[in-house]
Amino acid sequence: MKSKVIKGLLSLSIGLSAFTYTSANAQTLSEIHKKQAENQAKKEEKNAEIKDVQGKQDQVLDELQKIESTLQKTLNDIQTKKTEIDETKNEIQSLKDQIVKIQKRIKERDAILKERVRSMYESGGAVKYLDVVLGSRSFGDFLDRLISLNMIAESDKSILEDQKRDKAAVEQDKKHVEQKLNSLNAKLQELNELNSELSAQKEAKNRLSASLKKKETHLHEDVTSIEEKNEILAAQEKAVKEEMERAKREAEQRKREEAARKEAAKRAAQQEQRKDSAPSPAPTHSEPSVSANFIWPANGYVSSPFGKRFGGSDFHPGIDIAAAGANNQISAAASGTVARSYLSSSYGNVVFVSSYIDGQLYTTVYAHMSERAVSTGQSVTQGQRLGTMGNTGHSTGQHLHFELHKGEWNYAKSNAVNPIPYLH
């Protein structure tokens with residue numbers, strides 16, 4: 001009767017253990033699926049944001065091209081106006097040279113006219129002209145003298161008209177050229193102001209374009225992080241299934257061992273009963289094959305503890321173990337299945353290990369390694385070499401970044417716990 005009770009208790013214990021594993025695993029897988037669905041929704045949202053930003057960026061680039069075209073036309077216009085101004089300046093200089101020559105002629109004419117006036121004043125003006133005509137010796141001499149006087153009068157009149165015409169032409173040309181130069185200078189000033197305005201617009205648009213480009217890059221980084229997160233969660237799901245199978249195999253193995261031990265104890269008890277009819281010994285319970293404790297994953301000192309740091313502005317979801325020298329081994333803190341082994345942009349060379357210990361899922365993370373010695377899906381035993389301490393990813397020196405999560409790993413690190421109380 002006692003033997004039947006023991007068998008019943010053992011069967012119930014094994015059944016409850018299997019039920020606990022199954023329930024815990026089902027719950028964990030459900031949470032992973034939920035996280036994956038949430039991440040997919042976030043990814044679609046981010047992709048929509050990227051599409052919107054890219055549309056705005058295309059619009060800005062179109063505006064930039066229009067500004068570039070207008071700016072180039074303005075620069076060409078400025079160069080044309082500068083050329084016209086240079087030509088006008090040359091024209092003014094040529095006119096000034098011509099004015100100097102005309103002024104020289106005017107000065108010479110002025111001297112002649114002054115001499116004529118002085119002569120007329122000294123000779124008494126028109127009376128002397130009459131004396132000249134009346135003093136003719138003959139009619140022929142009279143005609144010669146009269147013609148000469150007319151020629152002198154015409155010459156004086158021509159000189160006066162030339163003086164008047166040259167002075168008027170010089171003043172008119174000079175005024176015209178100066179007005180043209182002033183107009184061109186005003187236009188040049190206007191174009192320079194437009195150039196400055198367009199350059200400012202171009203700079204503003206470039207800043208906007210750079211800002212949109214930066215935002216687009218960050219959105220791509222977010223999507224990359226979400227994709228990486230989904231990959232880790234998917235890998236964890238597979239690893240959890242592997243751990244379920246491993247836990248099942250271990251439970252069955254313990255069941256067989258317990259049955260064999262019980263049968264051996266029964267036979268031994270029967271032999272003892274036959275000898276001295278002594279009572280059979282009470283059954284003992286075997287310990288789980290996996291220790292509830294974790295071993296230190298590396299030799300060294302804790303350079304950065306778990307929790308808030310840098311004045312509370314940063315949360316450290318694990319501990320950093322540092323050690324000098326090369327070939328510092330990183331070991332598995334507990335037996336389990338490698339959920340993922342890969343090169344991450346932030347973690348560097350990293351290994352995720354899923355472990356079931358006493359019905360509880362744990363995830364350990366080993367980051368910044370120089371190289372990895374295990375691959376995704378591989379089963380590892382406690383103390384097995386996973387890689388070598390390094391300085392890859394977002395790292396500022398050689399160390400191991402070690403995380404312990406009571407449950408699955410997630411991007412928010414909400415399941416992270418302080419590893420030190422678990423390590424021995």
Side-chain angles (χ1 to χ4, degrees), residues 1-32 235-297 331-339 352-364 374-386 404-408 417 421-424:
M1 179 67 180
K2 185 176 181 181
S3 174
K4 292 180 179 180
V5 171
I6 292 173
K7 287 182 178 180
L9 291 174
L10 287 173
S11 299
L12 178 61
S13 174
I14 293 171
L16 288 174
S17 176
F19 175 77
T20 300
Y21 278 122
T22 303
S23 299
N25 289 330
Q27 183 178 3
T28 301
L29 292 177
S30 176
E31 291 177 356
I32 290 176
Q236 281 188 141
E237 179 181 3
K238 186 176 181 180
V240 167
K241 291 179 180 178
E242 292 290 337
E243 280 296 289
M244 288 174 62
E245 292 298 323
R246 186 180 67 84
K248 183 178 179 181
R249 289 193 301 270
E250 289 180 354
E252 292 175 350
Q253 178 64 25
R254 287 196 299 271
K255 181 179 178 181
R256 289 192 295 270
E257 291 175 355
E258 183 66 21
R261 185 199 62 76
K262 180 185 172 185
E263 184 63 28
K266 180 180 178 181
R267 287 196 297 270
Q270 290 174 350
Q271 291 177 359
E272 289 296 327
Q273 284 179 353
R274 285 194 293 268
K275 290 180 180 179
D276 52 12
S277 299
S280 61
T284 59
H285 299 283
S286 61
E287 294 296 324
S289 60
V290 180
S291 172
N293 295 320
F294 295 80
I295 64 171
W296 282 85
S331 304
S335 299
T337 302
V338 178
F352 290 72
V353 177
S354 296
S355 303
Y356 261 109
I357 301 175
D358 293 342
Q360 173 65 51
L361 172 66
Y362 292 93
T363 305
T364 48
V374 293
S375 56
T376 299
Q378 180 178 340
S379 294
V380 295
T381 58
Q382 190 177 64
Q384 181 176 337
R385 180 175 178 271
L386 303 179
L404 176 60
H405 299 262
K406 196 170 183 180
E408 82 279 0
V417 296
Y422 293 80
L423 301 174
H424 72 87

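All residue numbers refer to positions in the sequence shown, counting from 1. Reckoned from all heavy atoms, side chains included, excluding hydrogens, waters and symmetry mates.
Residues satisfying the side-chain hydrogen bond (donor to acceptor under 3.5 Å, both in side chains) criterion with Thr364, sequence neighbours excluded, are Tyr366. In this structure, Glu252 has no side-chain hydrogen bond (donor to acceptor under 3.5 Å, both in side chains) partners at least two apart in sequence or on a different chain. Residues satisfying the side-chain contact (heavy atoms from CB on, under 4.5 Å) test with Ser379, not counting sequence neighbours, are Thr337. Scored by the side-chain contact (heavy atoms from CB on, under 4.5 Å) test, Thr376 finds Arg340, Ser341 as partners (sequence neighbours excluded). With sequence neighbours left out, Ser354 forms a side-chain hydrogen bond (donor to acceptor under 3.5 Å, both in side chains) with no residue at all. The side-chain hydrogen bond (donor to acceptor under 3.5 Å, both in side chains) check on Arg256 picks up Gln253, with sequence neighbours excluded.
Gln382 CD to Ile357 CD1: the interatomic distance, rounded to the nearest 0.5 Å, is 7.5 Å. Annotation: the span from Trp296 atom CH2 to His424 atom NE2 amounts to 11.5 Å, rounded to 0.5 Å. Note: His405 NE2 to Leu361 CG = 11.0 Å, rounded to the nearest 0.5 Å. Distance check: Leu404 CG to Thr363 OG1 gives 8.5 Å after rounding to the nearest 0.5 Å.
Smallest separation of non-hydrogen atoms from Val374 and Arg385: CG1-O, 3.8 Å. Val380 approaches Ala332 most closely through the heavy-atom pair CG2-CB, 4.2 Å. Between Gly407 and Gln360, the shortest heavy-atom contact is N-NE2, 3.8 Å.
Salt-bridge formation is detected for the pair Arg267/Glu263: a Lys NZ or Arg NE/NH1/NH2 atom is positioned less than 4.0 Å from an Asp or Glu carboxylate oxygen.
Taking the side chain as every heavy atom from C-beta outward, Glu245 and Arg249 approach each other to under 4.5 Å. Glu408 has its side chain out of reach of Phe352: every pair of non-hydrogen atoms, C-beta onward, lies at least 4.5 Å apart.
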* To do: Assess whether side-chain contact (heavy atoms from CB on, under 4.5 Å) is satisfied between Gln236 and Lys241, documenting all intermediate values.
  => CA-CA 8 Å; Gln236 281 188 141; Lys241 291 179 180 178; over 6 Å; no
